[in-house]
Amino acid sequence: MLKTIVLIGMMGSGKTSVGKELAKKLNLAFVDIDQEIEKKYQMNIPKIFQTRGEGFFRKAEENMSCKLINGKPCVVSIGGGGFLNKKIRGKIKIHAISIWINTELDKIYKRLNVSKNKRPLLNYKNLKKSIKEIYDKRKPIYKKADYTIQIKSDNKKMIVENIIKKL
Ligand code: S3P
């Protein structure tokens, strides 16, 4: 691969687990932007939102994404809001190939419902509605990705094969 591959999409869509598998298959390094931010600030994402606010997180996300997307080809998983940022999207368009991991909302709901309180943007009291609202708002932007992979199963190997076919 001559270009970095960036996986985009909703929280809980499986970007990180698919990204790791894809990187292994392509013999590339894997980078998770949220994990890099957590390492840098020695705080998990909910704590960053809570103590510094979303604005601070978005700026950190922008800086980290722009830096890493510009580097050596690798597989990148970016937080669900990352692709909404025009500057990040522009960098991805120039330096990388973007893939929207478009996972069924029911699957997303089931996953996020068991890993509660890790995503500060969600309203866990009405999780289904909260996921749907965010998805509907973001869909037109996610659609701008170079490729879309529809996901209905948990079979990571099959998902990775599909991505490789598209590439
Ligand atoms: C966010 C998604 C999260 C994380 C933050 C905000 C979003 O990452 O960056 O909680 O705006 O959708 P994941 O997509 O990896 O859950």
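Read the numbers this way: they start at 1 and go in the same order the structure lists the ligands and their atoms. If you're wondering where the values come from, they're calculated on a predicted model, not measured in any experiment.
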Review point. Below 4.5 Å, heavy atoms only, C-beta onward: do Lys107 and Lys152 meet side chain to side chain?
Key: no
Revision key, fill the gap. Judged by heavy atoms only, the candidate from Gly82, Gly81, Gly12 nearest atom 7 (C) of ligand 1 is Gly81
Exercise for review: Report yes or no: does a heavy atom of Lys15 sit under 4.0 Å from some atom of ligand 1?
Suggested key: yes
Revision key, fill the gap. Min over Glu54, Arg58, Met11 of heavy-atom distance to atom 6 (C) of ligand 1 lands on Arg58
**Study point:** Ionic contact status for Lys67 with Glu36, cut-off 4.0 Å
**Key:** no
Check your understanding: Which atoms of ligand 1 have any heavy atom of Phe57 under 4.0 Å away?
Key -> 9 (O)
Practice item. Would you check whether Ile78 has a nitrogen or oxygen atom less than 3.5 angstrom from a nitrogen or oxygen atom of ligand 1? Key: no
Check your understanding: Parallel, tilted or perpendicular: which fits the ring planes of Tyr142 and Trp100, with parallel below 30° and perpendicular above 60°?
Key -> tilted
Check your understanding: For atom 5 (C) of ligand 1, what is the nearest protein heavy atom, given as residue, atom name and distance?
Key -> Ile45 CG2, 3.9 Å
Exercise for review: Evaluate the criterion ring-ring contact (aromatic ring centres under 6.0 Å, His included) for residue pair Tyr135 and Tyr109; output intermediate values, then yes/no.
Suggested key: CA-CA 12 Å; Tyr135 178 83; Tyr109 166 74; over 10 Å; no
**Study point:** Option of least heavy-atom distance to atom 8 (O) of ligand 1 (set: Leu122, Asp34, Asp32)
**Key:** Asp34
Practice item. Would you indicate whether the side-chain heavy atoms of Ser98 and Tyr147 approach each other to under 4.5 Å? Key: no
Review point. Would you call Met11 and Ile134 a side-chain contact if the rule is heavy atoms closer than 4.5 Å?
Key: yes
Check your understanding: If you measure from each non-hydrogen atom of Leu121 to ligand 1, which part falls under 4.0 Å: side chain, backbone, both or neither?
Key -> side chain
Practice item. May I ask you to say whether Asp32 pairs ionically with Lys15, meaning some side-chain N is under 4.0 Å from a carboxylate O? Key: no
Study note, to complete from the structure: Closest to atom 1 (C) of ligand 1 (heavy atoms only, candidates Pro46, Gly80, Pro120, Ser13) is Gly80
Review point. So Thr148 and Asn102, side-chain hydrogen bond (donor to acceptor under 3.5 Å, both in side chains) or not? Walk me through it.
Key: CA-CA 7 Å; Thr148 297; Asn102 189 17; over 6 Å; no
Practice item. Give yes or no for whether the N/O distance cutoff of 3.5 Å, strictly under, is met between Lys118 and ligand 1. Key: no
Check your understanding: Which atoms of ligand 1 have any heavy atom of Gly79 under 4.0 Å away?
Key -> 8 (O), 9 (O), 14 (O)
Exercise for review: Please examine the side chains of Leu22 and Ile164, heavy atoms only from C-beta on, and report whether any two atoms are closer than 4.5 Å.
Suggested key: yes
Revision key, fill the gap. In this structure, atom 16 (O) of ligand 1 is nearest to the protein heavy atom Arg119 NE, 2.8 Å
Review point. Among protein heavy atoms, which sits nearest to atom 12 (O) of ligand 1, and what does the distance come to when rounded to 0.1 Å?
Key: Arg138 NH1, 2.7 Å
